[in-house]
K.L.:
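What follows is a structure written as structure tokens; I'll ask about it next.
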Amino acid sequence: MANLIEQTAAIDTSYLNELNEQQRAAVIHTEGPSLVVAGAGSGKTKVLTTKIAYLLKEKRATASQILALTFTNKAAAEMRHRIERMIGKNVQAVWLGTFHSIFIRLLRLEANSLGYPTYFSVYDADDSKSLLKQIIKELDLSDQIYKPTLLLSRISHAKNRLVTAAIYNDNPHYREEDARMQLPRFGEIFARYTHYCQRAGAMDFDDLLTQTHTMLYTNPTVCAKYQQQFRYLLIDEFQDTNLIQYQIIQKLAAQHHNICVVGDDAQSIYAFRGADIQNILNFTRDYPHHHITKLEQNYRSTQHIVTAANHIISHNTTQLKKKVWTTNKLGEPIKIIKTRSDLEESQWIVQAILETKLHNLALYQDFAILYRTNSQSRNFEEALRKKNIPYRMVGGFSFFQRKEIKELLAYLRFVVNHNDTEAFKKIINLPKRGIGLSTLEKIGTLTNEKKLPLWELLGKAEDFFRAPTAEAILRFVAFIKTASLKLTTAEENAYTIANYIAKESGLLKQLYEDQTVEGLARYEHIQELLSSLKQFVDDPNNEDNSLASFLQTVALMTQEYEDDTSKDKVTLMTIHAAKGLEFKYIYMVGMEEGLFPSARMLGNQEELEEERRLFYVAVTRAQLQLTLSYALSRYRFGKLMAMRPSRFLKEISLEESTASSNKIATAATQRTAAATQFMPCNNVTTLRVGHMVRHTHFGKGLIIQLLATEGKRKAVIRFSNNVGEKTLLLNYAKLELLI
Ligand code: ATP
Ligand code: MG
């Protein structure tokens, strides 16, 4: 260690000067396996990005030798941005992205060796479910017992444990288990699903991982190529990797052994997807000669926030002990807001955002509203819209999930991959060509009986269908052929082809003719998709501007699409999507039992601990101010329900009496203990003499007299902090009531 620090001193690069000693040591330790385990906001991502800058600048690594992986597109973009800021140039050629996006890239290069077309399709969950429905029908089973969602999650579960359909069907243990669950034919469905996906040249999301794994573990030539290429591997949020991801990383690192992983066990929030905290322990076991760095200083948040976070996580029994501290300002106490209803909650928060922005001269982009599930976003969207506050919503019902967008994308998918059956099902009768469900079913049966790929079968429509149907199919085939031919023409590009398809298929016309408000909106959405294609084609940073590449990118964006990239907006997102990010002001809403912790996660201690880690992640996103809110009533599942405050809120205050010995923590804790609960005072008639209130500018005060002159209600309030007594018009004062 001492050696490394001396070494560092000799290198005079300003970006390294921004690091503390431990961080710097971790950065310049480039060779061999290394692990950074550290608390939230302690600079793990900073270490990782600085290391990439260092590798490029000082170690003369080429961009394509570096592979850096993380979990969300947003986090990947942020990392790229940080590196570019450090070294002052574009680092597009670094293999930096989410696991899925990087694996798609590798798979596309090697698809043929796996028996897939280069431009394989990516099935999203809807495609997979539609395929499963078809299979259930083919097998004459009940979709009430064989529910597509259930089947899909079982298939996903198996795949994530590297259990293929073949392995599954060979194992009597699985069959017995299925029989017990009244799904005796699950194995058969799994096999058929796998076969159909392959035949359609399609991978689902899980396949992106399992096929990459297969490729590396069964094809030594391909494997050696990438082992050789990737001299340096860097993984952020390592605590959330699952077994397959870990094994892929290990395999890729097997030649150079330069594998740097950074993570925080306290932030592991993907156990439900098979993430395994044990991976951190496995890493130390698998690489006994690793270099380890522990970082404990938090640079992100105020003392109040760091203390609260430490307290929250101390309730979990399964975690590596870490003492996170900060020298940042004490900051404002954490606020807990109680409102009567979910509607009031959203109004209050939006008002608070406006006031905080004004008071602190903040920007909209400094604010984030976090919630446990996407369905909580609606009230906030409405409240923000009412106040004309710009916002971006990450995730949720995304642009790419809109029906009309999926339809045009299905056309594009089919032009690129003529065997994409799910795309075919969406477009064959759109606009109407007189091809109904029975023809579709017959096509399905024929592909099985004749063992013909879909596209070949369509070409021979005359052999199987009566004249009008056959002609309609052949006209469709001819159209797709013309569009596909354009793919090979130099003058055409992804944008012009999409434009051609939108127009010539009749899709645009059909929407244009629909003059309803929804119809117009749908028309505009298609135009928006076309613009985004134009942008994609024109982007000089895009290595591959092909339509196929666009489609594969889009397939991964369904989870976290943002409507546009303009910056100054309030962000709305789930905690899962917020991982690794930071905002000055965080509003963590819906702190209610059953909502957070989620009712679905109260089954056992482990699940509750995962929810608590999620809470820890939420809290540690805040830099300056954290507000937690809960409502006493809320519309859920179409009913007004009474809600109780989340146990997590109590845990914060309970911890206050059991402060740690850490001095900073204790001081901060006492302040947190004073975390006071304020409620927006929407109805001024409820105010009484003796109530404690709070005013945005004057702070806390006591109502000492209430007046009503000329129909206007006023209050004489005695404020602390030398402000003295003020008489305020209640309708304008926007007081918060202390409860
Ligand atoms: P998380 O666990 O949430 O992913 P992290 O450990 O990755 O957090 P970073 O995002 O890298 O933390 O850093 C948190 C903040 O602290 C960032 O704004 C970063 O720029 C800042 N920071 C990190 N290290 C230092 C340092 N040595 N000096 C000043 N600021 C720092
Ligand atoms: Mg990070």
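Just so you know, ligand 1 is whichever comes first in the structure, and atom 1 is the first atom listed for that ligand. Note that these values count all heavy atoms, side chains included, but never hydrogens, waters or copies made by symmetry. Throughout, numbering of the chain's residues begins at 1 and tracks the sequence.
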K.L.:
For a quick check: using heavy atoms under 4.0 Å, what are the residues in contact with ligand 1, sorted by chain and number?
P.N.:
Glu18, Leu19, Asn20, Gln23, Gly39, Ala40, Gly41, Ser42, Gly43, Lys44, Thr45, Lys46, Arg82, Glu237, Gln267, Tyr299, Arg300, Gly580, Glu582, Arg621
K.L.:
With no hydrogens and no angle check, do the side chains of Asn279 and Thr241 hold a donor and an acceptor under 3.5 Å apart?
P.N.:
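There is such a pair between these side chains.
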K.L.:
Does the side chain of Glu345 pick up a donor-acceptor pair with the side chain of Tyr587 at under 3.5 Å?
P.N.:
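Their side chains do not contain a donor-acceptor pair, so the 3.5 Å distance test is not met.
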K.L.:
Can you confirm whether the side chains of Glu611 and Ser598 place a donor and an acceptor under 3.5 Å from each other?
P.N.:
no
K.L.:
Do the side chains of Phe583 and Gln365 get nearer than 4.5 Å, heavy atoms only?
P.N.:
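With C-beta onward as the side chain, the pair stays apart.
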K.L.:
Is there a side-chain contact between Val27 and Leu19, using heavy atoms and a 4.5 Å cut-off?
P.N.:
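Val27 reaches Leu19 side chain to side chain.
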K.L.:
Could you list the donor-acceptor pairs under 3.5 angstrom formed by side chains in residues 35-48, with sequence neighbours left out?
P.N.:
{"unit_1": "Ser42", "atom_1": "OG", "unit_2": "Gly39", "atom_2": "O", "d": "2.6"}
{"unit_1": "Lys44", "atom_1": "NZ", "unit_2": "Ala38", "atom_2": "O", "d": "3.3"}
{"unit_1": "Lys44", "atom_1": "NZ", "unit_2": "Gly39", "atom_2": "O", "d": "2.8"}
{"unit_1": "Thr45", "atom_1": "OG1", "unit_2": "Asp236", "atom_2": "OD2", "d": "2.8"}
{"unit_1": "Lys46", "atom_1": "NZ", "unit_2": "Glu18", "atom_2": "OE1", "d": "2.9"}

K.L.:
Measure the shortest side-chain to side-chain distance between Tyr391 and Thr571 over non-hydrogen atoms and say whether it is less than 4.5 angstrom.
P.N.:
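No; the side chains remain at least 4.5 Å from each other.
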K.L.:
Got Gln245 and Leu209 here, is their nearest side-chain heavy-atom distance under 4.5 Å?
P.N.:
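Yes, at least one pair of side-chain atoms sits under 4.5 Å.
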K.L.:
Near the Mg ion (ligand 2), which protein N/O/S atoms fall under 2.8 Å?
P.N.:
Thr45 OG1
K.L.:
Mind checking ring pair (Phe, Tyr, Trp, His ring centres under 6.0 Å) for Phe596 and listing every partner two or more places apart, or none if nothing turns up?
P.N.:
Phe615, Phe648
